[in-house]
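Okay, so here's the structure we're looking at.
Computed from a predicted model, the values in this text were never measured in an experiment.
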Amino acid sequence: MSIHRLNHAVLYVRNVERSVAFYRDVLGFQPIAGMQLRGAAFLRAAGSTNDHDLGLFELGEAAGASPAGRSTVGLYHLAWEVDTLADLQSLAGALAEAGALVGASDHSTTKSLYGHDPDGLEFEIAWIVPADRLDQAAVDGRTSIRPLDLAKEIARYGADTHGGLGISRAALPVG
């Protein structure tokens, strides 16, 4: 038996309505009708057939920021995939407009944006280079992180090229 993928994530937030608005308006998640609980919301990513991809549970405005990674262990970030570099470019604009874009990195095999939600929780949005488009330089460079030049990557791969699923493993060594 093996685990195949993450089914959903659940986050504690200060204000569930504010967080729903962010995930809906900036990242395109849709609230699930009929799945409301007091102080909670469940959302589905655009195009997902999952029951829900994100659960949000309200703690209240007095809740402190997560010290994970600074003084405690804990989750660093979640990473979601997009289908095309055009999608990544669109989200880069939406995140920048919302003041939520905090970084953009080229990991050779993935092209990623980093953002913070209204509570400062970090997430990544990645386009995965398809396995048939990987070259040895990308495979060798996957442990390095460089600034993302999204225009250059769109020129290289095409804005509407469908990304790989998960990490494109065909050309990556296992172990």
Open item on the list: Under 4.5 Å between side-chain heavy atoms, counting indirect links through other Ile/Leu/Val/Met/Phe/Trp/Tyr residues: same cluster for Phe123 and Leu75 or not?
Closed with: yes

Open item on the list: Let's go through Leu85 and Thr161 carefully: what are the C-alpha distance in whole Å and the side-chain angles of both, what is the deciding distance for side-chain contact (heavy atoms from CB on, under 4.5 Å) to 0.1 Å, and is it a yes or a no?
Closed with: CA-CA 7 Å; Leu85 286 169; Thr161 299; over 6 Å; no

Open item on the list: Any donor-acceptor pair under 3.5 Å linking the side-chain atoms of Thr49 with those of Arg44?
Closed with: no

Open item on the list: Could you see if Leu150 belongs to whatever hydrophobic cluster contains Trp127? Use Ile, Leu, Val, Met, Phe, Trp, Tyr and a side-chain cutoff under 4.5 Å.
Closed with: yes

- [ ] Could you check whether the rings of Phe42 and His52 sit parallel, tilted or perpendicular, using 30° and 60° as the cut-offs?
- [x] perpendicular

Task: hydrophobic_cluster_shared for Leu148 and Tyr114, side chain cutoff 4.5 Å - done: no

Open item on the list: So Leu113 and Leu88, do their side chains get closer than 4.5 Å, heavy atoms only?
Closed with: yes

- [ ] Hydrophobic side-chain clustering at under 4.5 Å (ILVMFWY, transitive links): who's grouped with Val73? Put none if nobody.
- [x] none

Open item on the list: Do Val13 and Pro118 have side chains that approach each other closer than 4.5 Å (heavy atoms only, starting at C-beta)?
Closed with: no

Task: Thr84 versus Asp87, side-chain donor and acceptor atoms under 3.5 Å - done: yes

- [ ] State, with a plain yes or no, whether a side-chain heavy atom of Tyr76 is found less than 4.5 Å away from one of Glu122.
- [x] yes

Task: Close side-chain approach of Ser105 to Glu124, heavy-atom, < 4.5 Å - done: no

Open item on the list: On a heavy-atom basis, which atom in Val20 and which in Ala41 lie closest, and how many Å separate them?
Closed with: CG2-CB, 3.4 Å

TODO: State, yes or no, whether a side-chain contact exists between Leu95 and Ile125 at a heavy-atom distance under 4.5 Å.
DONE: yes

Open item on the list: More than 12 heavy atoms of other residues, nucleotides or ligands under 6.0 Å from OH of Tyr157: yes or no?
Closed with: yes

Result block: side-chain N/O donor-acceptor pairs under 3.5 angstrom for residues 58-70, not counting sequence neighbours:
from, atom 1, to, atom 2, distance (Å)
Glu58, OE1, Val16, N, 2.7
Glu61, OE2, Asn15, ND2, 3.4
Ser66, OG, Ala68, N, 3.2
Arg70, NH2, Ser66, O, 2.2

- [ ] Run the numbers on Arg18 and Asp119 for side-chain contact (heavy atoms from CB on, under 4.5 Å), then give the verdict.
- [x] CA-CA 9 Å; Arg18 179 179 64 210; Asp119 291 300; 3.3 Å; yes

Task: Leu78 vs Leu11 side-chain heavy atoms within contact, under 4.5 Å - done: yes

Open item on the list: With side-chain contact (heavy atoms from CB on, under 4.5 Å) as the criterion, how do His107 and Ser112 come out once you've worked through the C-alpha distance, each side chain's angles and the decisive distance to 0.1 Å?
Closed with: CA-CA 8 Å; His107 303 270; Ser112 298; 3.7 Å; yes

Task: Step-by-step side-chain contact (heavy atoms from CB on, under 4.5 Å) determination, Leu101 to Leu91 - done: CA-CA 9 Å; Leu101 183 64; Leu91 284 167; over 6 Å; no

TODO: Check whether the side chains of Asp83 and His162 place a donor and an acceptor atom closer than 3.5 Å, and report yes or no.
DONE: yes

TODO: Measure the spacing between CD1 of Ile32 and OG of Ser48 and express it to the nearest 0.5 Å.
DONE: 8.0 Å

Task: side chain to side chain donor-acceptor pair (under 3.5 Å) pairs, two or more places apart, involving residues 22-31 - done: Tyr23-Asp117

- [ ] Please tell me if the side chains of Leu27 and Phe22 come closer than 4.5 Å, counting only heavy atoms from C-beta onward.
- [x] yes

- [ ] In plain terms, say whether Lys152 and Asp106 are close enough for a salt bridge, that is, a side-chain N and a carboxylate O under 4.0 Å apart.
- [x] no

